[in-house]
Student: 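Dropping a structure here in structure tokens format, bear with me for questions.
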Protein chains: 2
Amino acid sequence: MGALILGRNEMLAILLKEFRALGFQGLSLSRIAEATGLGKASLYHHFPKGKDEMALQVMKFVKDWIQSEILIPINDKEIPPKKRLSHVLKTLDQFYEKGATACVIEMMLAGDVPPSVKGIVKECVEDLREGFISLGKDFGLSNDEAKKIAEQTLIGIQGSLIISRSLNDVGVFKRQIKIIENYF
Amino acid sequence: MGALILGRNEMLAILLKEFRALGFQGLSLSRIAEATGLGKASLYHHFPKGKDEMALQVMKFVKDWIQSEILIPINDKEIPPKKRLSHVLKTLDQFYEKGATACVIEMMLAGDVPPSVKGIVKECVEDLREGFISLGKDFGLSNDEAKKIAEQTLIGIQGSLIISRSLNDVGVFKRQIKIIENYF
DNA sequence: GTCTATATAATGATAGAC
DNA sequence: GTCTATCATTATATAGAC
């Protein structure tokens, strides 16, 4: 049962959701089989190297998502910087379900995650940082100021997600998004 | 082999280190046996309910540590607030090994962590928040301002730990400690 | 491309000797 | 209080039919 025909992006989206909820080690093949509606053996047809490859493909999927949904809009010089910032923050707010769900970046940093996966995680963070630095400059900030604001943006997002989930209060994340909007 | 006679606090310290590195699901009993020098069966003498109980006791241990190492010093009215802040930030800097190691709070939020454990995690964050709010007031801040600063402090610590580890650059954490020092 | 069946190793956990 | 031995269960992974 489950989805009859599952496109690759749909499958990666399911894997992303599961990895975010349970982490790399916490997510088992049985759980994946259940979530995708496929048998365990079938999963190896799509990902011959197993869970490591799934995590790797998910992170590449996320990196591509960041590219198209964050970096392209954030660099669109045709739109005023303030509007671009609001748009990107709204996208992130949806991605994190208003602060209710963890970030993959955060879940893929445990000691048992394959180094290749951590490599993509690093690239994702670097890309996001570059994006916000670029946006800061479009706001008229100096290079140094833009770097600082970009760093505080990433820290604020990740940190508020942690505190929100630990306190079971998405208000923390919500407030942080507002604060970030006023950084620039 | 390993430590010949292991005190309870030493054992909890080892468990804390391992949980921080590998997370709840990622840390296996075999790994714990190796790290403590005890046989798997011996671990059940100390923690009859197994890994769940270990995680619970570790979090209680952390909560006690926060009480004695953070909250008592942060509320010591005999010492100027500025000195108290520096002292507490230095303690946290050591606890996080200058940003190189993850926070338990962060590692105990995955979907497969027992609710009882998450309950203590929540209490730890609440305690820390109260501590920094109290300190903010001693700095002369209003109640609202102290709440905001306390929240930014917790977010800044957790967020910078994530970004530091993802980028493999403890400089992010180091800078954040300085920024927090200037919040108050 | 998905399945059933299976192999092999590791998991958390217990019994009982010392 | 620690051990060896063992348990049932689950883990990742593969073989081969359809």
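Below, chain A is the first sequence line, B the second, and so on; all start at residue 1. Please read these numbers as outputs of a predicted model, since none were measured by experiment.
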Student: Mind calculating the distance between CG (B:Asp112) and P (C:dT11) to the nearest angstrom?
Tutor: 15 Å

Student: Please give, in whole Å, the distance from C:dC3 C1' to A:Leu43 CG?
Tutor: 12 Å

Student: Listed by chain and number, what are the salt bridge (charged side-chain N to carboxylate O under 4.0 Å, His left out) partners of A:Lys63, not counting sequence neighbours?
Tutor: A:Glu123

Student: What is the distance, to the nearest angstrom, from the CD atom on B:Glu34 to the P atom on D:dC3?
Tutor: 14 Å

Student: Check salt bridge (charged side-chain N to carboxylate O under 4.0 Å, His left out) between B:Asp93 and all other residues, then give those that pass, not counting sequence neighbours.
Tutor: B:Lys98

Student: Give the rounded distance in Å between these two atoms: CE of A:Met54 and C1' of D:dT12.
Tutor: 10 Å

Student: Rounded to whole Å, please give me the gap between CD in A:Glu53 and C1' in D:dA13.
Tutor: 13 Å

Student: Who are the side chain to side chain donor-acceptor pair (under 3.5 Å) partners of A:Asn75, not counting sequence neighbours?
Tutor: A:Ser134

Student: May I ask you to evaluate whether B:Ser42 reaches the phosphate of D:dG1, defined as a side-chain N or O under 4.0 Å from OP1 or OP2?
Tutor: no

Student: Rounded to the Å, how far apart are A:Leu38 CG and C:dT4 P?
Tutor: 12 Å

Student: Whether the B:Lys137 and B:Asn143 side chains hold a donor-acceptor pair (N or O, under 3.5 Å, no angle test) is what I'd like checked.
Tutor: yes

Student: In B/S/- notation, 5' to 3', how is nucleotides 12-18 of chain C contacted by protein heavy atoms closer than 4.0 Å?
Tutor: BBBB---

Student: Looking at C:dC3, I'd like to know if its phosphate oxygens (OP1 or OP2) sit under 4.0 Å from a side-chain N or O belonging to A:His45.
Tutor: no

Student: For B:Arg129, check salt bridge (charged side-chain N to carboxylate O under 4.0 Å, His left out) against everything at least two apart and list the hits.
Tutor: none

Student: Would you please name every residue forming a salt bridge (charged side-chain N to carboxylate O under 4.0 Å, His left out) with B:Lys178, sequence neighbours left out?
Tutor: none

